[in-house]
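Heads up, the thing below is written out as structure tokens.
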Amino acid sequence: MSFPLLTATAALPAVGAIATAAVPAERRTAAKWLALLVSLGTLVLGAVQLVRFEPGGDRYQLTESHAWIKDFGVRYELGVDGIGVALIALTALLIPFVIAAGWHDADPLETHSSRWRPTQGFFALILAVEAMVILSFEATDVFLFYILFEAMLIPMYFLIGGFGDRAHEHGDEAAATQRSYAAVKFLLYNLVGGLIMLAAVIGLYDVAGTFSLDEIAAARANGSLDMATNTERLLFLGFFFAFAVKAPLWPLHTWLPNAMGEATAPVAVLITAVVDKVGTFAMLRFCLQLFPEASKWATPVILVLAVISIIYGALLAVGQRDIKRLVAYASISHFGFIIMGIFAMTTQGQSGATLYMVNHGISTAALMLVAGFLISRRGSRLIADYGGVQKVAPLLAGTFLVGGLATLSLPGLAPFVSEFLVLVGTFSRYPAIGVIATLGIVLAALYVLVLYQRTMTGPVKAEVRGMPDLKVRELLVVAPLIAILVFLGVYPKPLTDIVNPAVQHTMSDVHKKDPKPVVEAAQ
Amino acid sequence: MNPVNYLYLSALLFTIGAAGVLIRRNAIVVFMCVELMLNACNLAFVVFSRMHGNLDGQIIAFFTMVVAAAEVVVGLAIIVSLFRSRHSASVDDASLMKL
Amino acid sequence: MENLIALLIAAPLLGAAVLLCGGRRLDAVGHWLGTLLAAVSFGLGVALFADMLGRTADDRAVHKHLFSWVPVEGFQADVGFQLDQLSMTFVLLITGVGTLIHIYSIGYMEHDENRRRFFGYLNLFLAAMLLLVLADNYLLLYVGWEGVGLASYLLIGFWQHKPSAATAAKKAFLVNRVGDMGLSIAIMVMFTTWGTFAFSTVFNEVGETGDGRNTTIGLMLLLAACGKSAQVPLQSWLGDAMEGPTPVSALIHAATMVTAGVYLITRSGVIFNAVPDVQTVVVVVGAVTLLFGAIVGCAKDDIKKALAGSTMSQIGYMVLATGLGPIGYPFAIMHLVTHGFFKAGLFLGAGSVMHGMNDEVDMRKYGGLRKYMPVTFITFGLGYLAIIGFPGLSGFWSKDKIIEAAFAKGGTEGWILGAVTLLGAAITAYYMTRVMLMTFFGEERWRNAPTPSPAEPSVEPAAEHRGEHAEPHPHESPGTMTIPMIVLAFGSVLAGGLFSINESFVKWLEPVTSLSHGDSPVSEGVVTAATVTVLLIGVGLAYAQYGRKPVPVVAPRGSLLTRAARRDLLQDDFNHVVLVRGGEHLTRSLVYVDHTLVDGVVNGTAAGFGGLSGRLRKLQNGFARSYAVSMFGGAAVLIAATLLMRAV
């Protein structure tokens with residue numbers, strides 16, 4: 001038996017989480033370093049996966065399969081396709097930055113005793129989330145995936161509810177109330193989605209008699225598993241609802257601004273760049289593969305909702321007064337693009353959506369982490385409390401601008417490639433929707449530049465004066481992210497090579513072919 | 001004698017016990033009424049055992065006695081400590097277990 | 001030789017990367033490094049040009065495929081360059097004028113603590129602009145297109161601590177993004193039509209589409225061109241863009257970037273030729289902007305804004321010419337090049353004047369400066385003569401050809417266009433003479449003039465270093481500034497004439513734009529005579545108004561038209577009321593809706609459950625006996641239900 005690479009990639013952070021939590025209370029710094037090392041080790045394993053994965057090979061590779069709950073046919077089945085392996089790489093890549101950026105976010109205040117433990121908890125929870133997210137990208141058993149999909153809510157709940165911006169901490173009851181409201185809202189929204197999905201999972205087992213993605217897909221393909229139209233649609237809706245909450249799609253989005261607004265910046269990155277990707281990933285893997293006909297049936301409605309997300313999220317971002325909530329609404333707009341790309345059912349759209357997931361993760365991380373550094377300096381999330389930062393901290397302002405430009409999909413940076421692919425892919429099948437979505441790029445410019453103008457330019461505000469520029473640790477967090485954004489913007493080929501075959505499989509799952517160019521078709 | 005009559009007796013005892021639990025305030029009395037209900041059940045089990053001609057009912061009756069004995073130990077201990085702290089054995093005085 | 005093309009872009013890109021990432025260490029050498037790399041790029045351009053001249057006309061275009069950029073099934077976006085006569089012209093203009101302006105900026109930005117960053121941005125601009133003109137497909141062109149937009153954003157907002165500069169930068173980027181939207185839609189239509197957006201395929205297969213696709217593509221490309229080249233209805237950003245340092249206005253907002261729209265239309269000429277209706281729209285846009293810019297230019301007292309109005313108007317000429325089809329393309333490009341020389345020269349002159357006048361921009365506070373700044377006066381004067389089309393100078397050759405081509409359009413249309421272009425020429429003469437007279441002639445109004453208050457947005461920040469509150473002491477600028485002005489003045493005088501010898505420029509471009517002469521209803525001589533006549537009328541009117549009478553230091557109220565023109569013909573007011581206010585209301589109400597309606601439903605559900613549980617919780621009263629009652633009750637109900645089920 002070969003080395004279980006997939007299990008190892010998820011097991012390392014899981015074990016690391018337990019080890020980090022077990023570090024004695026006083027040895028906080030050791031716990032931080034341990035967590036960082038574990039996340040770097042996971043990054044290495046993720047890189048090994050990328051290398052071992054053969055783009056031209058089988059659909060699912062590096063597979064592992066063991067019996068788990070025999071009575072219900074639940075198996076511990078793992079396997080990655082190009083999309084999965086790309087997202088695992090993204091997750092493994094971002095976590096070290098999240099840990100490094102949140103280095104001091106859970107330090108004890110002076111009022112705490114030396115036996116205060118949440119520092120260990122903070123980093124252990126981050127690693128726990130990483131383990132579960134990675135395993136959910138690997139799971140090819142529906143039940144196993146469901147369990148992970150739900151279980152990752154628990155550490156996330158504690159991360160959101162337990163750790164706020166340090167500056168708010170000092171006896172600020174209102175902030176604590178807000179935070180617990182946000183955490184509960186996050187949990188409830190996702191639990192409701194998860195429960196509906198659970199019903200659909202059970203229903204699927206009832207119809208198919210197995211939880212194995214491979215077996216169900218094969219049975220569907222050779223016609224031995226025939227679902228009644230209505231059954232398929234209901235099951236599809238059950239799955240899709242859960243993923244749409246997590247993604248989040250309008251109008252199920254309102255938990256995200258609260259959660260991202262109240263959580264610390266690294267946790268906000270964890271939410272939007274990592275955990276939410278499970279939702280869009282699952283749409284591609286489960287909705288399209290298991291219920292191709294129902295997916296096509298629902299496409300028009302979903303596309304309309306996606307376009308509403310794009311425009312609505314962008315407009316609301318323009319109207320925000322809080323930096324983090326602004327980024328949250330921008331993310332809602334971007335998730336609209338991703339979902340639109342997935343359901344446009346074209347090669348370009350789906351490749352674009354997959355690239356978008358990766359690129360959005362990196363660009364939002366860059367923007368949000370720098371925003372977090374900014375907020376930690378002034379102790380306020382309100383845009384109006386800033387002004388003229390560029391003059392005082394040019395490096396901070398510069399990296400913030402690059403993050404912002406990535407968010408507005410400037411050509412030359414990675415998000416442009418994916419956004420354009422999504423737009424082209426959508427346009428070639430649904431021109432009207434494509435054109436409306438293009439309005440999103442103007443609005444994106446508006447919210448990013450307004451944010452930059454109000455915080456970074458203009459006369460230097462009194463409270464901003466003397467603000468220190470980025471420290472070495474912070475620069476080490478941001479610079480690699482920017483480098484990756486530039487690299488993937490200029491040369492995305494390594495990524496597209498991995499993603500393309502997986503997209504071809506998905507396209508054949510839904511029996512769709514790209515629309516032919518008009519001229520070629522005429523000949 | 002018709003075994004059904006024992007069932008009537010059992011039902012009567014159970015009703016008396018239930019009424020006692022609902023009406024009396026003294027914890028000791030309530031406790032004894034609970035015992036009465038348990039024993040009413042035991043009686044019914046034994047009768048059923050007899051009627052059906054197998055030993056299942058008797059086994060459960062013994063089982064119940066063991067559990068009841070354990071319950072007496074715990075219950076009396078609670079009542080005693082309650083009495084010590086509040087100088088009263090009234091169940092209505094101990095109404096802290098609410099939201 | 002083709003390999004040099006990539007180097008052409010790489011040199012300034014490297015400069016930008018080094019200067020922007022290098023930090024304060026490079027402050028001392030940053031400007032030299034930036035200038036050097038711009039010059040290297042120019043040198044490479046000249047080498048390529050020499051190489052190109054060595055081949056016959058049909059072999060001159062070279063092609064270089066670099067690497068596959070976004071390979072996705074059915075979608076091939078490549079990074080490849082195409083260097084033909086049209087791109088070559090632009091490469092020389094961009095790197096040539098670019099290098100001169102780098103040199104100029106060394107002096108102009110001397111006192112600015114962020115000079116290194118400034119040069120980094122300038123280099124970034126050069127790289128993006130070169131990418132724009134060298135790309136061999138529309139998607140790569142789009143990268144350059146947005147790249148120059150970014151550079152323009154950064155440079156307009158270079159003095160970020162001024163709110164007006166930051167706002168102007170944002171506005172420029174946003175308006176440009178509207179145009180970019182047009183370009184991206186055009187690319188999407190191309191993709192669905194031909195499955196590619198490479199120039200070679202698209203241009204070869206234009207004819208084969210039928211339906212309205214070409215029309216859509218044409219209109220969307222025009223929208224893009226309007227955004228970048230500040231044509232009506234997307235012109236509002238250019239005036240505000242003058243908040244940037246003057247070298248930026250010269251390089252980006254006069255000579256190169258704003259002409260990208262003309263490049264785009266000329267490059268896509270095959271598409272436009274296929275749809276005459278769209279060409280009519282192009283012509284109308286050009287004609288309207290031509291007059292719009294000219295009228296605005298007449299009313300502005302800010303020297304840079306007057307020149308900005310003029311830029312808009314001159315680009316209107318070029319766009320109009322491109323709308324005429326093959327009879328117009330070469331002249332549009334020729335005017336673009338000559339305009340690049342004289343308008344850059346004029347802006348640098350304006351910068352030099354401001355340099356000597358404590359960064360005052362209000363022409364009403366200038367006057368009689370020719371004595372104090374002789375070099376500036378002469379170079380500016382030559383630029384002035386060139387732009388109004390004084391016979392023999394550059395502007396005359398190129399503008400005259402456009403007017404001829406307008407008449408040659410034929411029919412009523414031709415007469416209207418001819419009349420518009422002539423009218424434009426008259427107004428050009430008028431407002432440029434006005435600028436000239438107010439700045440260099442007349443009494444010295446800056447003496448004892450109230451110095452600008454620090455709160456006034458037009459005060460440039462470097463003014464602090466230059467003794468802002470003292471009375472200005474006009475003086476000539478240093479050599480780094482005057483030499484580029486002199487070089488550009490030579491270009492302004494000679495370029496047009498050189499290009500016109502034997503129609504060399506038109507023939508040079510022929511393989512790209514194809515050559516055709518229209519039949520003008522009016523002979524060349526008549527057109528030239530008419531041009532010179534309207535020129536004299538314009539100059540005469542301006543002289544009567546500003547030369548004979550003293551210019552009041554405080555602007556008179558003026559007629560309705562003047563007041564409207566001062567406010568950019570109310571375009572901004574329209575934008576403000578409709579777009580800005582409307583947008584604010586929309587977002588504000590959406591925030592409200594999101595909070596009360598979308599979130600309200602959720603919170604309402606939560607509150608509903610909360611209320612229900614609050615009521616249910618009353619059942620937990622803590623009395624053991626009431627629990628017992630509910631237990632017995634429950635047991636009774638269960639037994640009853642069981643019995644009932646049995647019975648049924």
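All values derive from a computational prediction rather than experimental measurement. So that the names make sense, note that chain A is the first sequence line, chain B the second, and so on, each numbered from 1. Side chains included, hydrogens not; waters and symmetry mates left out as well; all remaining heavy atoms used.
The part of C:Leu154 that comes within reach of chain A is its side chain, from C-beta onward, which places non-hydrogen atoms under 4.5 angstrom from that chain. Of the two parts of A:Leu408, the backbone and the side chain both hold a non-hydrogen atom closer than 4.5 Å to a non-hydrogen atom of chain C. A:Tyr447 does not touch chain C: none of its heavy atoms, backbone or side chain, sits under 4.5 Å away. Only the side chain of A:Gln453 comes within contact range of chain C, with heavy atoms under 4.5 Å apart. Both the backbone and the side chain of A:Val450 come within less than 4.5 Å of a heavy atom in chain C. For C:Asn603, the part sitting under 4.5 Å from any heavy atom of chain A is the side chain, from C-beta outward, and nothing else. Looking at A:Leu495, there are no atoms closer than 4.5 Å to chain C (heavy atoms on both sides), in backbone or side chain. The parts of C:Val189 that come within reach of chain A are both its backbone and its side chain, each placing non-hydrogen atoms under 4.5 angstrom from that chain. Contact of A:Leu252 with chain C is not made at all, since no heavy-atom distance falls under 4.5 Å. Of the two parts of A:Ser351, only the side chain, counted from C-beta on, holds a non-hydrogen atom closer than 4.5 Å to a non-hydrogen atom of chain C. Contacts of C:Thr167 with chain A are made by both backbone and side-chain atoms, with heavy-atom separations under 4.5 Å. With a 4.5 angstrom heavy-atom cutoff, A:Val424 touches chain C via backbone and side-chain atoms both. When heavy atoms are compared at a cutoff of 4.5 Å, C:Leu20 does not approach chain A at all. For chain A, the nearby part of C:Leu150 is the side chain; its heavy atoms alone come within less than 4.5 Å.
Closest approach of C:Ser68 to A:Lys493, counting heavy atoms only: O-CD, 4.1 Å. The two residues C:Gln160 and A:Thr457 come nearest to each other via the heavy atoms O-CB, 3.4 Å. C:Leu586 and A:Leu315 make their closest contact through CD2-CD1, 3.7 Å (heavy atoms, listed as atom of the first residue, atom of the second, distance). Among all heavy-atom pairs drawn from C:Val72 and A:Thr496, the shortest one is CG2-CG2, 4.2 Å. Minimum interatomic distance between A:Pro251 and C:Val598 (heavy atoms only, all atoms of both residues): O-CG1, 3.6 Å. Closest of all the heavy-atom pairs between C:Arg177 and A:Ser409 is NH2-O, 3.5 Å.
In this structure, the separation between OG on C:Ser184 and CG on A:Leu423 is 6.5 Å, given to the nearest 0.5 Å. Between the NZ atom of C:Lys170 and the CZ atom of A:Arg454 there is a distance of 6.5 Å, given to the nearest 0.5 Å. Here the OG1 atom belonging to C:Thr587 is positioned 12.0 Å from the OH atom belonging to A:Tyr329, to the nearest 0.5 angstrom. Rounding to the nearest 0.5 angstrom, the gap separating the CG atom in C:Asp599 from the NZ atom in A:Lys185 is 3.0 Å. From C:Ile185, atom CD1 reaches atom CG of A:Leu439 across 7.5 Å, with rounding to the nearest 0.5 Å.
For C:Phe191 and A:Phe427, the gap between ring centers reaches or exceeds 6.0 Å.
With contacts defined as side-chain heavy-atom distances shorter than 4.5 Å, the pair C:Tyr153/A:Leu449 qualifies. Between A:Tyr312 and C:Asp594 there is a side-chain heavy-atom pair separated by less than 4.5 Å. The side-chain heavy atoms of A:Phe416 and C:Val70, taken from C-beta on, include no pair separated by under 4.5 Å. Inter-residue side-chain proximity for C:Phe173 and A:Leu410 is flagged as met; some heavy-atom pair is nearer than 4.5 Å.
Ring orientation note: the planes of C:Phe67 and A:Tyr491 are nearly perpendicular, at an angle over 60° on the 30°/60° scale.
Top candidate by heavy-atom pairs under 4.5 Å with chain C, chosen from A:Val417, A:Leu188, A:Leu395, A:Val318, is A:Val417. Between chain C and the options A:Thr438, A:Val499, A:Val460, the largest number of non-hydrogen pairs under 4.5 Å is found for A:Thr438. The candidate from A:Gly458, A:Gly319, A:Pro492 with the greatest count of non-hydrogen atom pairs under 4.5 Å with chain C is A:Gly458.
Within 6.0 Å of the OH atom in C:Tyr592, the count of heavy atoms belonging to other residues, nucleotides or ligands does not exceed 12. C:His595 NE2: 12 or fewer foreign heavy atoms inside a 6.0 Å radius.
Side chain of C:Trp69 to backbone of A:Val490: a donor-acceptor contact under 3.5 angstrom is found.
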